[in-house]
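Here the structure comes first, spelled out in structure tokens, and everything after it is commentary.
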Amino acid sequence: MKEKVMITGASGFLGFHLIEAALNKGLEVHAAIRKNSNVTHLKNKPVTFTYLDLGNIESLQQNIEANQYHYIIHAAGTTKANSEQDYNTVNATYTFNLAKAADQSQKPIKKFVFISSLAAAGPLQNFDTNITENSQPGPVTSYGRSKLLAEEKLETLSIPSVILRPTAVYGPRDKDILVIFKSIKNGIEPYIGTRNQQLSFVYAKDVASITIDALFSGQTGVYNISDGNCYTRYALADCLKRLMKTKTIRFHLPKTLVKAIAISLETTSRFMNKMPLLNKEKINEIVAVNWVCNIDKARKELGYKPVYDLETGLKETLDWYKVNKWI
């Protein structure tokens, strides 16, 4: 009999890769989605759909006990919200509710894996070291603070859990990085400010792989996840230009100008009841000096071996975009 895993955020970009990795591992997948979620791309997958009320612990516990999951992967969350309270509700309170329901279940689950973010740790302000799991957290956005709050809430429970902090995740089906692909294709390469930066990235398939491995590990705790490399601020664009065989006009916009534009976008978007891709808080993450994290703990305790570096990951993503006519 197959073991069961429930995956929240299943209709999202990373959720798709988590489902594929779980199926490849031979797990019975229960995909937790909203009633209005677009699941067209999952229709041919052998998954069972389930609907959760993440605001109701009793309802969540009933779902967990009725389906008798062995594992839960919580990848649902929001990267765009109108207020810090909204971020905290979706990313922290809902995470706690689901974990609490699993913790109270009459049939205990074997492992709860929470997909947090390196944003919970926050960036460093110098190049002297890398972000470790023991670094003093300093999130610079409401999103990062909400993820850190979720981690703190989760650690108050007795449920066996692993918290993964992936850095900037990209790959097929990612609509955010698609904006950069299209910009490079159109010959435009903009940056905010002129400060040097150290960045890190991780391919979605590597995140999915370590997430599934974490289910079966005997470990618990917090783990940084990246591809293990350190990149300059120009590395991503330079790689895309090679892959696309194109040239760009590279230019740097003053931070004050971009912040003014972001504030204007936020004001307009609130009026239209939707959040923009860029806001004034997001600028804090974009211009941060050092986003490179140390992944030695994940390598040692979880056996993490990233397969993709930026070049191979971007090539596979570009090929997918072309085949699926996204670019």
Side-chain angles (χ1 to χ4, degrees), residues 8-9 12-15 73-96 113-126 129-155 161-171 174-177 179-180 192 197-204 206-207 210-211 221-231 233 236 259 262 266 275-295 297-298:
T8 71
F13 147 60
L14 182 58
I73 298 172
H74 184 48
T78 185
T79 58
K80 301 180 184 71
N82 287 314
S83 68
E84 184 140 1
Q85 182 178 348
D86 289 345
Y87 277 114
N88 289 343
T89 297
V90 176
N91 292 337
T93 302
Y94 288 175
T95 298
F96 176 79
V113 176
F114 171 49
I115 307 297
S116 184
S117 169
L118 196 63
L124 300 176
Q125 303 306 316
N126 57 62
T129 186
N130 295 335
I131 303 165
T132 72
E133 291 81 0
N134 294 321
S135 297
Q136 181 64 34
V140 293
T141 60
S142 297
Y143 168 74
R145 289 189 290 273
S146 70
K147 284 292 192 177
L148 181 61
L149 180 60
E151 294 180 9
E152 292 168 349
K153 284 177 171 287
L154 184 56
E155 288 172 348
S161 63
V162 167
I163 296 169
L164 299 181
R165 287 178 172 173
T167 184
V169 185
Y170 68 96
D174 181 8
K175 293 180 180 178
D176 287 346
I177 203 172
V179 174
I180 299 176
I192 303 173
Q197 290 178 285
Q198 290 183 169
L199 305 175
S200 56
F201 299 92
V202 65
Y203 193 53
D206 279 333
V207 177
I210 188 57
T211 301
V222 180
Y223 299 88
N224 293 336
I225 302 296
S226 77
D227 69 9
N229 295 305
C230 171
Y231 299 99
R233 71 182 314 194
L236 190 151
K259 188 172 183 179
E266 282 187 73
M275 287 300 294
L277 186 62
L278 178 70
N279 58 55
K280 63 180 183 291
E281 272 203 333
K282 187 67 176 176
I283 295 172
N284 295 333
E285 289 188 346
I286 295 174
V287 302
V289 169
N290 186 355
W291 276 110
V292 176
C293 63
N294 183 300
I295 61 171
K297 184 182 178 186

Separation between [atom1] of [X] and [atom2] of [Y], rounded to the nearest 0.5 Å:
X	Y	atom1	atom2	result
Ile177	Phe13	CD1	CZ	8.0 Å
Asn130	Asn290	CG	CG	6.0 Å
His74	Tyr94	NE2	OH	10.5 Å
Ser117	Asn224	OG	CG	10.0 Å

- Query: Should the pair Tyr203 and Tyr170 be assigned to parallel (<30°), tilted (30 to 60°) or perpendicular (>60°) ring geometry?
  - Reply: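 Tyr203 vs Tyr170 ring planes: tilted.
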- Task: Give me the one residue out of Val289, Val292, Ile131 that meets side-chain contact (heavy atoms from CB on, under 4.5 Å) with Leu124.
- Result: Ile131
- Message: Checking side-chain contact (heavy atoms from CB on, under 4.5 Å) between Leu164 and each of Ile210, Leu118, Ile73, Val207, which is the one that passes?
- Response: Ile210
- Message: Hydrogens and angles aside, do Ser142 and Glu84 bring a side-chain donor and acceptor to less than 3.5 Å of each other?
- Response: yes
Check whether any side-chain heavy atom of [X] sits under 4.5 Å from a side-chain heavy atom of [Y], and report yes or no.
X	Y	result
Ser135	Glu133	no
Ile163	Glu155	yes
Phe114	Lys147	yes

- Message: With side chain to side chain donor-acceptor pair (under 3.5 Å) as the criterion, how do Ser226 and Ser200 come out once you've worked through the C-alpha distance, each side chain's angles and the decisive distance to 0.1 Å?
- Response: CA-CA 6 Å; Ser226 77; Ser200 56; 5.2 Å; no
